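So the structure is just underneath, and the comments pick up after that.
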Amino acid sequence: MLKVLIPTIMLFPTIWLTSPKWLWTTTTAHSLLIASISLTWLKWTSETGWTSSNMYLAKGPLLTPLLVLTCWLLPLMILASQNHINPEPISRERLYITLLALLQTFLIMAFGATEIIMFYIMFEATLIPTLIIITRWGNQTERLNAGTYFLFYTLAGSLPLLVALLLLQQSTGTLSMLVLQYSQPLQLNSWGHMFWWAGCLIAFLVKMPLYGVHLWLPKAHVEAPVAGSMVLAAVLLKLGGYGMMRMMVMLDPLSKELAYPFIILALWGIIMTGSICLRQTDLKSLIAYSSVSHMGLVAGGILIQTPWGFSGAIILMIAHGLVSSALFCLANTAYERTHSRTMILARGLQVIFPLTAVWWFIANLANLALPPLPNLMGELMIITTLFNWSPWTILLTGLGTLITAGYSLYMFLMSQRGPTPNHIMGLQPFHTREHLLMTLHLIPVILLVTKPELMWGWCY
Amino acid sequence: MASRLSRIWPTLYRARLSSALGSRCVSQTPKSSASGAAVASDLQPVSPAAHDSHAHAEVSPFEKNPDFHGFHHHDSFVDEWNMRLAFFFGISVAIVVGGTFIHYLPDHGMRQWARREAERLIKQREAEGLPLMTDNYYDPSTIVLPSSGEE
């Protein structure tokens with residue numbers, strides 16, 4: 001763990017002491033080296049669920065895929081932001097990359113935390129750099145509203161979590177996840193206990209987001225600059241999923257009845273947000289709602305609490321993280337050229353950007369869960385486990401899959417196919433940087449087809 | 001066909017841009033206008049290389065540096081080296097070396113061994129005509145139970 005954490009902390013001196021000419025080169029190379037080292041985490045040395053060399057930070061089959069995703073994303077964020085941050089004064093450029101590296105550090109410590117309070121503190125700490133990135137570097141005036149929604153939705157969910165954790169500490173005497181997984185099932189039989197159960201989960205359900213509390217996500221994703229959108233879609237949503245997976249261990253007897261409304265809300269959300277996607281005019285908003293839709297499926301899979309549900313949830317989280325981030329990068333390339341997110345303004349792009357059309361194609365195929373990509377494998381496992389729980393869910397999940405295919409194809413056809421309008425003809429060609437960015441997103445997704453057992457978690 | 005298009009696109013783009021550029025410059029009306037009052041365009045002359053907030057100058061960076069890679073707008077040396085290092089660390093180190101490392105990871109939990117062993121045993125038992133699996137894991141004759149009368 002330290003072999004990645006210390007280089008990440010050393011990113012801060014790198015950012016502030018490098019000469020302005022070589023800032024982006026050095027930070028890109030440094031963060032790619034960190035990402036390469038993080039791949040060594042995939043060698044799990046023992047058969048247990050966790051491997052830890054100390055009491056505070058651990059790694060294991062459940063968290064390592066998410067950790068590797070986090071470390072992989074930092075260089076991609078730096079590559080994506082290079083063009084639009086470049087004209088700013090040098091100290092603001094350094095500040096921007098510092099915020100990204102700070103986010104990375106908090107995320108590594110959050111995912112690796114063995115104690116729930118440390119996880120909670122890092123969970124909250126990730127809000128601050130993200131809020132600064134959205135409100136300072138977003139492009140429209142709505143970014144202030146977006147930052148407010150983002151901050152207060154998450155805080156409103158996580159303050160009950162703090163109270164619930166303090167109550168748990170009082171009753172069990174420990175909040176270390178290593179110990180809690182062996183504790184006796186708690187006697188949960190009163191209304192107060194039900195509120196405690198809800199308090200433990202609401203924060204993560206807001207973060208995932210669950211359909212009823214998802215309003216912060218379209219605003220935050222759309223108003224954030226490209227690096228903010230990437231990190232939000234790829235990693236911060238998964239914090240919610242991971243937190244839920246860890247908390248479910250202790251909440252057990254009550255979850256059988258109380259999870260019911262949340263599962264139904266998640267499934268209904270898949271259809272509703274999918275339908276909203278079909279009617280979107282704003283490209284980033286479409287991708288944001290598609291994130292809500294996929295995360296609804298993940299939330300359903302986690303709340304079911306079966307081995308297949310958990311495995312499917314992890315696989316879908318990793319695959320969705322990479323693909324959603326790729327789609328935001330593609331949307332940003334269109335935005336940087338036309339300065340608008342409206343879809344009808346940037347259509348027929350295949351004629352003028354043929355290689356980019358290939359990236360759009362692969363990203364959209366992955367989004368609509370084409371086999372053999374891991375998106376499909378995760379979705380199928382979750383759909384199967386939901387069917388096992390109740391056969392009626394196949395109506396909702398099947399319709400959801402259909403609508404997902406619908407809006408992914410709609411996004412592709414709208415942006416790539418059709419006649420190219422005249423105002424598009426004068427756009428700048430695609431940069432090598434942008435092609436590299438897309439390659440670094442999509443090649444891991446394709447490589448994961450060959451070794452999916454990296455993502456199966458401890459429930460295989 | 002795509003490679004042909006991608007080769008001719010930059011030249012086509014530059015030709016279109018330079019023709020479009022002429023029509024995008026702010027027109028300076030001559031001083032002898034009918035109104036005689038100061039025209040706004042005289043007060044604020046606009047340079048043709050105006051930068052907007054994204055530094056997408058009216059002049060594209062491809063004009064000065066046809067090999068622009070998207071990394072650094074003004075210095076082609078830094079731009080080229082940034083591209084080389086990003087590709088080296090991103091693809092050659094992270095994907096190729098990292099991917100090889102992952103490919104040669106040991107068989108965690110002996111799962112692939114278990115699958116191979118099961119297939120081998122099935123083939124062996126079918127060849128010998130034995131049932132694939134018996135009810136008793138251990139041979140009952142090897143289990144020695146204490147007799148019920150003694151303590």
Side-chain angles (χ1 to χ4, degrees), chain A residues 21-22 24-26 28-33 35-40 42-45 47 61 68 72 75-76 78-79 82-84 86-88 139 335-337 339 351-355 357-358 425-437 439-440 443-444 447 450-451 453-454 460, chain B residues 1-6 9-10 12-14 16-17 19-21 24 51-57 60-62 67-75 77-95 97-99 101-112:
Chain A
K21 214 165 58 151
W22 296 102
W24 294 93
T25 314
T26 330
T28 312
H30 188 148
S31 45
L32 279 168
L33 268 177
S36 312
I37 297 176
S38 76
L39 289 174
T40 59
L42 288 168
K43 184 175 185 303
W44 303 315
T45 50
E47 303 290 326
V68 175
W72 185 242
L76 267 48
I78 295 177
L79 275 174
Q82 195 162 346
N83 201 20
H84 76 94
N86 234 335
E88 300 205 6
N139 284 317
Y335 178 77
E336 281 183 2
R337 284 166 176 76
H339 293 290
V351 180
I352 43 177
F353 299 136
L355 182 55
V358 175
M425 291 295 189
L427 291 182
Q428 269 195 32
F430 250 68
H431 308 153
T432 317
R433 175 186 61 87
E434 290 162 338
H435 286 306
L436 175 66
L437 186 61
T439 318
L440 289 178
I443 285 189
L447 286 178
T450 60
K451 200 170 174 102
E453 52 257 27
L454 295 172
Y460 172 42
Chain B
M1 190 243 160
S3 60
R4 251 190 296 140
L5 197 60
S6 60
W9 174 244
L12 186 69
Y13 163 74
R14 260 180 273 141
R16 277 199 85 96
L17 186 60
S19 67
L21 191 58
R24 266 194 261 170
H51 290 260
D52 62 16
S53 61
H54 289 264
H56 288 173
S60 137
F62 287 95
D67 288 327
F68 179 58
H69 291 295
F71 289 95
H72 198 280
H73 275 272
H74 302 297
D75 190 342
F77 181 73
V78 176
D79 184 54
E80 179 145 3
W81 273 96
N82 195 340
M83 184 269 297
R84 287 178 179 165
L85 287 178
F87 267 82
F88 175 71
F89 284 109
I91 300 195
S92 308
V93 174
I95 294 184
V97 173
F101 172 78
I102 293 175
H103 177 73
Y104 284 105
L105 282 176
D107 181 16
H108 181 71
M110 296 178 77
R111 293 164 190 158
Q112 290 166 17

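Just so it is clear: chains get the letters A, B, ... in the order the sequence lines come, proteins before strands, and each one is counted from 1. Remember, it's a predicted structure, so these values are computed and weren't measured experimentally.
Taken to the nearest 0.5 Å, the CZ atom of Phe77(B) stands 7.0 Å off from the NZ atom of Lys21(A).
Counting all heavy atoms, side chain and backbone alike, Ser31(A) lies closest to Ile78(A) at OG-CD1, 3.7 Å.
Contact annotation for Lys451(A): only side-chain heavy atoms (C-beta onward) come within less than 4.5 Å of a heavy atom of chain B. With a 4.5 angstrom heavy-atom cutoff, Leu454(A) touches chain B only via side-chain atoms. Using a 4.5 Å cut-off between heavy atoms, Ala29(A) contacts chain B through both its backbone and its side chain. With a threshold of 4.5 angstrom between heavy atoms, Thr40(A) approaches chain B through its backbone and through its side chain. Heavy atoms of Leu42(A) lying under 4.5 Å from chain B belong to its backbone as well as its side chain. With a 4.5 angstrom heavy-atom cutoff, Leu79(A) touches chain B only via side-chain atoms. For a residue to count as touching a neighbouring chain, one of its non-hydrogen atoms must lie under 4.5 Å from one of that chain's; by this rule Phe87(B) touches chain A with backbone and side chain alike.
Classified by interplanar angle (parallel below 30°, tilted 30° to 60°, perpendicular above 60°), the ring pair Phe62(B)/His431(A) is tilted.
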Item checked: Test side chain to side chain donor-acceptor pair (under 3.5 Å) applied to Asp79(B) and His73(B), step by step -> CA-CA 7 Å; Asp79(B) 184 54; His73(B) 275 272; over 6 Å; no
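For the options Leu447(A), Leu436(A), Thr28(A), heavy-atom pairs under 4.5 Å to chain B are most numerous at Leu436(A). For the set Gly90(B), Pro106(B), Gly99(B), the count of heavy-atom pairs under 4.5 angstrom toward chain A peaks at Gly90(B).
For His108(B), the ring pair (Phe, Tyr, Trp, His ring centres under 6.0 Å) partners at least two apart in sequence or on another chain are Trp44(A). Under the side chain to side chain donor-acceptor pair (under 3.5 Å) criterion, His435(A) pairs with Trp359(A), sequence neighbours left out.
Distance alone, capped at 3.5 Å, places no donor-acceptor pair between the Arg337(A) side chain and the Gly426(A) backbone.
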